[in-house]
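Accompanying notes for the structure given below.
In this text the structure is predicted, and so the values were computed from the model without any measurement. Numbers restart at 1 for each chain; the letters A, B, ... are given by sequence-line order, proteins then strands.
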Amino acid sequence: MDLTLSPSEEEFRDEVRTWLLENNPGPEPEGGLDEVMTFRREWQLKLHAAGWAGISWPKEYGGRGATMIEQAIFVGEAARQEAPSPANVLGLAMGGPVVIAHGTDEQKQRYLEPILTGDEIWCQGFSEPESGSDLASLKTRAVKDGDEWVVSGQKVWTTFAQYAKWCMLVARTAPDAPKHQGLTYFLMDMDQEGVEAKPLVQITGEGEFNEVFMDEARIPEENVVGGVGNGWGVAITTLMNERAGLAFGAISQIQNSLGRLAKLASEVRTNGGSAADDAYYRQRIAQLHIEAEAMRLNAYRGLTKTMQSGIPGPEGSLGKWQWADINQGLTELALEIEGVYAPLSRGAEQAIDNGAWQYGFLRSRANSIEGGTTDILKNIIAERVLGLPRLR
Amino acid sequence: MDLTLSPSEEEFRDEVRTWLLENNPGPEPEGGLDEVMTFRREWQLKLHAAGWAGISWPKEYGGRGATMIEQAIFVGEAARQEAPSPANVLGLAMGGPVVIAHGTDEQKQRYLEPILTGDEIWCQGFSEPESGSDLASLKTRAVKDGDEWVVSGQKVWTTFAQYAKWCMLVARTAPDAPKHQGLTYFLMDMDQEGVEAKPLVQITGEGEFNEVFMDEARIPEENVVGGVGNGWGVAITTLMNERAGLAFGAISQIQNSLGRLAKLASEVRTNGGSAADDAYYRQRIAQLHIEAEAMRLNAYRGLTKTMQSGIPGPEGSLGKWQWADINQGLTELALEIEGVYAPLSRGAEQAIDNGAWQYGFLRSRANSIEGGTTDILKNIIAERVLGLPRLR
Amino acid sequence: MYFDLTDEQQAIKATAHDFLASRFKSERIRELAASEDGFDAAGWGEMAELGWTGLALPEEWGGQGLGIVELAILFEEMGYALAPSPLFSSTIVGLALTLCGSDDQRDRYLRPLAAGERRGSPALWDAGSPASPGEFTMEAKADGDGIVLDGVKTMVADAASADFFVVATADGRRHLVERDAEGVSVTAEPSIDLTRRFSSVGLDGVRVAAADTLPGEAADYFPVFHRLCVALAAESTGIAQRTMEMAVAYAKDRQQFGRPIGAYQAVSHRCAQMLLETENARSTVYGAAWAADAEPESLPLAASMAKAYASDAGWRVPNASIQVHGGIGFTWEHDLHFFLKRGRANAAIFGDAKWHRERVADAVLAPAPDPAAL
Amino acid sequence: MYFDLTDEQQAIKATAHDFLASRFKSERIRELAASEDGFDAAGWGEMAELGWTGLALPEEWGGQGLGIVELAILFEEMGYALAPSPLFSSTIVGLALTLCGSDDQRDRYLRPLAAGERRGSPALWDAGSPASPGEFTMEAKADGDGIVLDGVKTMVADAASADFFVVATADGRRHLVERDAEGVSVTAEPSIDLTRRFSSVGLDGVRVAAADTLPGEAADYFPVFHRLCVALAAESTGIAQRTMEMAVAYAKDRQQFGRPIGAYQAVSHRCAQMLLETENARSTVYGAAWAADAEPESLPLAASMAKAYASDAGWRVPNASIQVHGGIGFTWEHDLHFFLKRGRANAAIFGDAKWHRERVADAVLAPAPDPAAL
């Protein structure tokens with residue numbers, strides 16, 4: 001058992017750290033999403049130029065060929081320094097890996113480079129209004145018409161669809177097959193008449209997600225990934241990779257938030273000192289730190305295991321569940337500490353930290369829903385880790 | 001809305017209070033169960049002589065014909081003054097009411113008086129090892145043989161079976177009928193060769209419960225209650241009455257415990273004062289008080305509703321659930337407050353309160369299991385109060 | 001003993017329910033949420049006609065003379081409907097004038113308030129003061145036979161539509177200050193709650209004549225405070241009730257894996273928990289409201305219990321309802337978030353759950369004994 | 001970076017697992033639980049043969065020279081098996097002698113301890129002292145060139161089978177006191193935990209020669225304390241693991257309403273929660289154990305995190321397992337209660353969860369700033 005980095009990992013960490021310290025462009029611009037995306041595109045170009053885009057991709061496809069530990073180091077360090085996201089986060093984390101794993105040589109040739117440069121943004125078309133947790137029940141249909149597929153249906157929770165060139169689309173190609181079969185994974189061009197993206201405003205007032213409506217959209221047959229009818233398997237491995245890849249960034253973000261929470265508690269006066277002097281708050285803050293540390297160490301254990309077996313195991317579900325709990329608990333506690341000022345949000349003169357915690361409180365409500373609800377994650381753990389019987 | 005007692009209710013309360021102050025024999029004797037039962041028999045005789053046994057039974061059957069409020073007052077006051085239980089608590093709370101509601105005239109004639117005097121103790125034979133929450137799946141069989149039923153099977157969680165003359169037994173009389181049908185409610189004589197009661201030691205080290213083994217035990221046909229095949233309905237109304245009747249006693253017990261908890265917190269020293277000075281403990285103690293008050297007020301609302309409708313509603317399940325949570329939370333907190341001394345139990349020189357909280361902590365583990373598990377109560381609330389669909 | 005609503009109380013509840021349901025449909029709430037000041041003049045007029053502006057105020061001064069139980073019933077329905085309205089602020093001011101005002105002040109301020117012709121709001125918290133409620137710091141500086149006020153009050157509800165404020169000072173007194181008096185300025189403080197607006201009220205050398213200082217002193221306002229806590233807790237109970245109903249309805253309807261999601265215990269037990277919290281909140285509110293009317297000596301503890309419990313339930317139940325709804329519950333187009341936000345704001349103002357639990361602890365824990373005794 | 005057991009560590013774990021499983025079957029644990037002093041002489045001899053009595057002690061003094069990671073692995077298995085054994089007490093004493101003793105003391109006490117020939121136990125808490133750990137109060141009164149001790153130590157584990165005690169005094173020092181020294185008396189203190197016994201140790205004018213006072217001073221014992229917290233947290237992790245496995249096995253087997261109860265989310269999600277708590281406990285224990293061996297400057301915080309988390313998990317997981325089992329889990333004849341009781345006792349000793357969380361808060365919260373700044 002060894003939690004220290006090897007000399008080469010340490011060297012990698014130092015290189016990342018130094019480069020980010022020198023190149024991190026700092027906070028994203030305030031204003032609309034367009035400004036943010038322009039900023040992120042520039043940042044991605046900078047990352048790519050220095051070889052930090054697609055760090056886990058094999059070198060032959062333009063990546064750095066980094067180990068999983070190196071990837072974790074990079075993601076963790078970037079979050080620690082609060083570097084912005086690249087513009088094409090889904091292309092890098094899911095699109096590229098799925099093309100590398102399941103794509104044809106032509107597809108690799110065509111798609112990988114513009115993902116790395118951010119020239120082509122990717123989005124993910126999995127969820128539908130009627131198919132949330134029960135992803136396999138999705139209804140979007142693709143019908144073969146000559147050498148094209150014609151797609152109609154609706155997707156939802158599609159991040160940055162309005163900027164995307166390519167959509168990783170799962171659609172039903174064999175309506176009479178059992179529901180997990182008969183699905184196919186497509187790369188759909190978003191720039192066509194049959195596709196429309198509408199922003200879906202969230203309870204925070206932001207519109208990072210979209211609904212995507214497809215009305216006889218057309219996809220050439222060479223844009224199938226992994227073969228017709230294999231969509232379920234391709235989608236699931238994509239989701240597992242997404243979860244594993246994001247874990248270390250999420251952990252660093254929690255660490256940053258805990259630091260800000262400690263600062264908040266020290267600064268907010270109560271009657272009789274600061275909130276940081278109050279035994280009740282101290283206990284809860286300490287518990288959050290302990291749980292965050294357990295989550296971090298679990299992730300390292302998971303990483304070691306994944307490196308041995310090659311595939312992320314179902315234990316990853318624990319981390320996602322725990323992250324949602326901690327992040328929600330943390331923002332709830334921050335609002336409690338703010339006491340009478342808890343309602344005041346961005347732009348209020350008397351707001352604490354300009355309403356950052358109010359935004360965090362609202363945004364984190366979705367943490368237990370997005371990317372697999374906590375209920376579903378518990379099912380996965382019960383069934384696949386503990387071997388308990390399935391209900392359905 | 002009026003939470004005050006009417007003049008006649010107040011008079012009743014004063015009468016109960018005074019009588020108990022003068023007659024309460026105080027704590028039960030230490031030592032074995034035999035001593036306790038002797039003590040409780042004497043107490044029941046005293047209660048009966050003064051007209052306090054079967055207070056909610058109609059006068060014609062030897063009861064006091066008290067209203068539900070009066071009954072609640074009596075039970076609450078007895079618990080407040082920590083009066084002992086009568087010997088025949090199940091006979092009074094369930095046996096008598098079931099005979100009154102479903103019994104024949106002959107049965108009323110035969111059984112009611114000895115319940116009131118405590119001459120004949122009653123026990124309840126519902127649960128079986130394989131039929132816990134799923135009561136209707138019980139397997140004990142009764143087969144007609146002339147004018148008798150012959151019973152074989154096993155019951156469990158039978159309180160004080162070793163002292164009981166009569167067992168309220170539910171057994172399967174029509175093995176091929178759907179599982180909720182084909183059950184019959186019997187009064188079984190415990191004094192016979194085919195019946196054996198074995199104490200079941202609990203995690204507290206006590207043996208208040210028993211296993212009852214029946215090997216061709218015999219029950220005359222006139223001992224059927226409510227008709228052959230109607231056992232499920234009879235059993236369920238019995239259980240509802242039990243739950244409703246015990247509520248106000250349970251509430252007073254919680255109030256007593258909360259008083260003791262406050263005393264404990266004031267007396268236990270921590271580094272830097274008493275536990276009662278610690279903001280963390282104060283918050284948790286306050287929350288328990290608030291929840292106990294909500295439970296008490298819920299019970300009054302339920303009582304008003306039951307008096308209007310005549311039948312206790314499924315809302316009673318809320319109270320039982322809540323009681324288990326509060327009682328468990330309360331004893332858990334007491335052990336936390338005892339800090340390093342938390343393990344020490346009865347008889348230890350350094351034990352706090354001679355280990356009373358350690359006993360309470362262990363005993364309360366069953367609160368969410370006995371008399372309907374919390375999981376099942378939540379099912380009942382979801383299905384019968386909220387109208388959500390049943391899973392099965 | 002009869003712990004339920006009487007027929008008259010049932011009628012009040014039904015009237016309120018029906019009126020509010022017809023008046024504050026989702027589209028109307030959204031219009032008001034998007035408007036500059038969030039004030040609904042037409043709705044206010046109708047509430048005044050229904051007598052709500054004077055519901056629990058004395059008949060002598062134009063009120064209906066009903067009790068805190070009836071007030072709690074009304075505010076539970078206000079929360080259920082998520083009505084954006086300054087009725088709560090005006091009710092507080094009405095209670096303050098009733099319990100702590102002079103006859104002259106009641107004549108000038110309470111009577112029009114009860115009739116709904118004018119609106120008032122309490123201006124209590126000093127900007128920059130600690131996050132948990134304590135002493136007020138604004139000085140009442142003597143100035144002739146009146147006083148002069150300088151400073152900023154914050155977390156003032158419904159200030160934009162208020163005609164006057166009741167301003168608290170460090171000496172424990174309250175003062176009537178007209179909205180358009182010289183030196184008064186109102187600055188909106190954006191909050192998560194779009195259905196009740198908060199503002200800061202600047203007081204820059206504002207003169208208050210002696211006749212506009214209420215005769216009541218510090219402790220005299222406790223009965224006002226406890227009653228408003230009950231009304232606010234009732235409102236949060238209504239929020240919990242409504243969002244629980246939304247969750248239950250959705251759980252019956254929404255299908256996943258071939259059955260309604262309400263058939264899964266993860267969902268159905270969460271709904272049962274919502275019922276528990278809602279009923280507990282309601283019981284503590286009814287208990288405290290009854291105490292206010294019939295047993296005032298037990299009101300302080302009962303009010304803190306109700307405000308503590310309902311503060312939690314008022315945002316946790318909507319929060320759980322969002323979880324039952326899944327993604328759709330996280331969208332602006334669904335109404336749930338308005339309830340969550342109002343519930344969370346209600347939890348924060350007039351003492352949060354922790355502050356009220358600390359009051360309960362004061363009441364239930366004996367003073368610390370000799371520390372030498374284990 | 002490799003955050004998993006090495007092959008050697010896996011082998012230690014497997015050996016411990018198999019030996020303990022064969023040695024401490026339910027019947028044997030019940031025999032010991034029912035016995036006068038709970039001591040298993042035969043088991044002790046075998047553990048000594050396996051080298052466990054000196055596992056993490058220096059080879060120089062007869063130990064195996066392994067690390068705290070290996071010690072944690074062993075104690076996780078001790079908890080898993082619920083082994084009734086004074087190994088934990090003796091291990092603490094061994095660590096104290098290793099880190100704070102003189103060579104002479106190590107020769108006289110550590111060597112036989114490592115060989116399993118003698119057993120020791122720490123006697124720290126003064127009877128009647130506060131419920132949360134703080135300063136020791138027993139005075140080390142000068143007496144010639146030695147000292148004399150008067151008073152009562154309590155919560156002394158495994159005192160009945162100990163050959164000597166390491167007694168703490170108010171000056172921060174520790175003293176070696178033979179069990180059969182003049183003036184020493186041992187009184188059993190019955191506890192809920194029947195698999196580890198506690199006693200009070202009376203010291204009535206007990207003389208301690210200068211050579212029997214350890215040279216280490218107060219702060220020198222922190223490293224001992226943090227290491228024993230890791231071992232105890234590991235034991236509680238094993239308790240959680242075992243009782244989770246029992247729940248899962250029962251949930252697969254037990255049928256109600258026509259299916260295994262593990263198919264219901266009320267049960268399956270409770271089991272998932274047990275897994276979460278068990279894995280979290282294990283990770284914090286491994287992290288702290290690794291810190292003890294490789295990064296001692298982060299040990300104090302890591303040890304408090306592990307002890308805090310595992311204190312809770314060590315009784316909550318058995319508690320949840322009882323709930324999964326229903327009635328049968330509440331019977332004496334089922335083994336679960338022994339685990340619950342040991343887990344709860346482990347939570348109480350050497351700083352409970354609250355005490356350790358307070359240490360974590362000390363570490364993570366900056367000192368209070370100028371209270372004038374909001």
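- Atoms CE and CE, on A/Met68 and D/Met1 in that order, are 10.5 Å from each other to the nearest 0.5 Å.
- Annotation: D/Lys252, atom NZ; neighbour count of heavy atoms from other residues, nucleotides and ligands within 6.0 Å is above 12.
- At a threshold of 4.5 Å between non-hydrogen side-chain atoms, the residues A/Arg301 and D/Arg282 count as touching.
- When the shell of 6.0 Å around NZ of D/Lys13 is examined, it contains more than 12 heavy atoms from other residues, nucleotides or ligands.
- Between the CG atom in D/Leu276 and the CG atom in A/Asp325 there is a gap of 7.5 Å [rounded to 0.5 Å].
- With rounding to the nearest 0.5 Å, the separation of CG in A/Leu303 from OH in D/Tyr2 is 12.0 Å.
- Taking OG of D/Ser268 as the start and CD1 of A/Ile380 as the end, the distance is 12.0 Å to the nearest 0.5 Å.
- Taking chain D as the reference chain and counting heavy-atom pairs below 4.5 Å, the highest number among A/Ile381, A/Leu258, A/Leu386, A/Leu5 is found for A/Leu386.
- For A/Gln283 (side chain) and D/Lys354 (main-chain N/O), a donor-acceptor pair under 3.5 Å exists by modelled atom type.
- In the model, A/Asn298 has a side-chain atom that pairs as donor or acceptor with a side-chain atom of D/Ser283 under 3.5 Å.
- Of the atoms belonging to D/Gln9, it is side-chain heavy atoms, and not backbone ones, that fall under 4.5 Å from chain A.
- Distance CZ/D/Phe3 to CE/A/Met1: 5.5 Å, rounded to 0.5 Å.
- No side-chain heavy atom of D/Val360 sits under 4.5 Å from any side-chain heavy atom of A/Gln287.
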message: side-chain contact (heavy atoms from CB on, under 4.5 Å), that's the test. Do A/Leu297 and D/Tyr286 meet it? Break it down for me.
response: CA-CA 9 Å; A/Leu297 294 168; D/Tyr286 284 2; over 6 Å; no
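- Looking at D/Gln273, both its backbone and its side chain come within 4.5 Å of chain A, counting heavy atoms on both sides.
- Summarising the local packing, CD of D/Gln255 is surrounded by more than 12 heavy atoms from other residues, nucleotides or ligands at distances under 6.0 Å.
- No other option in A/Ile290, A/Ile285, A/Ile69, A/Asp375 has as many heavy-atom pairs under 4.5 Å with chain D as A/Ile290.
- Annotation: D/Arg254, atom CZ; neighbour count of heavy atoms from other residues, nucleotides and ligands within 6.0 Å is above 12.
- The choice from D/Leu275, D/Val69, D/Val267, D/Thr6 that makes the most heavy-atom pairs within less than 4.5 Å of chain A is D/Leu275.
- In this structure, A/Arg282 and D/Arg357 have side chains that are not in contact, with every pair of non-hydrogen atoms separated by 4.5 Å or more.
- Using a 4.5 Å cut-off between heavy atoms, D/Val248 contacts chain A through both its backbone and its side chain.
- In terms of heavy-atom pairs under 4.5 Å with chain D, the best-connected choice from A/Lys378, A/Arg296, A/Glu9 is A/Lys378.
- Contacts between A/Leu388 and chain D at a heavy-atom distance below 4.5 Å involve backbone atoms as well as side-chain atoms.
- Considering only heavy atoms from C-beta on, A/Glu291 comes within 4.5 Å of D/Tyr309 through its side chain.
- Between chain D and the options A/Pro389, A/Ala382, A/Ser6, heavy-atom pairs under 4.5 Å are most frequent for A/Pro389.
- Under the 3.5 Å distance criterion, the side-chain polar atoms of D/Gln265 are left unmatched by any main-chain donor or acceptor of A/Asn379.
- Other residues, nucleotides and ligands contribute more than 12 heavy atoms inside 6.0 Å of the CD atom of D/Glu295.
- Side-chain contact annotation: A/Gln322 with D/Asn280, donor-acceptor N/O pair under 3.5 Å present.
- Across all their heavy atoms, D/Leu365 and A/Ala265 have their closest contact at CD2-CB, 4.4 Å.
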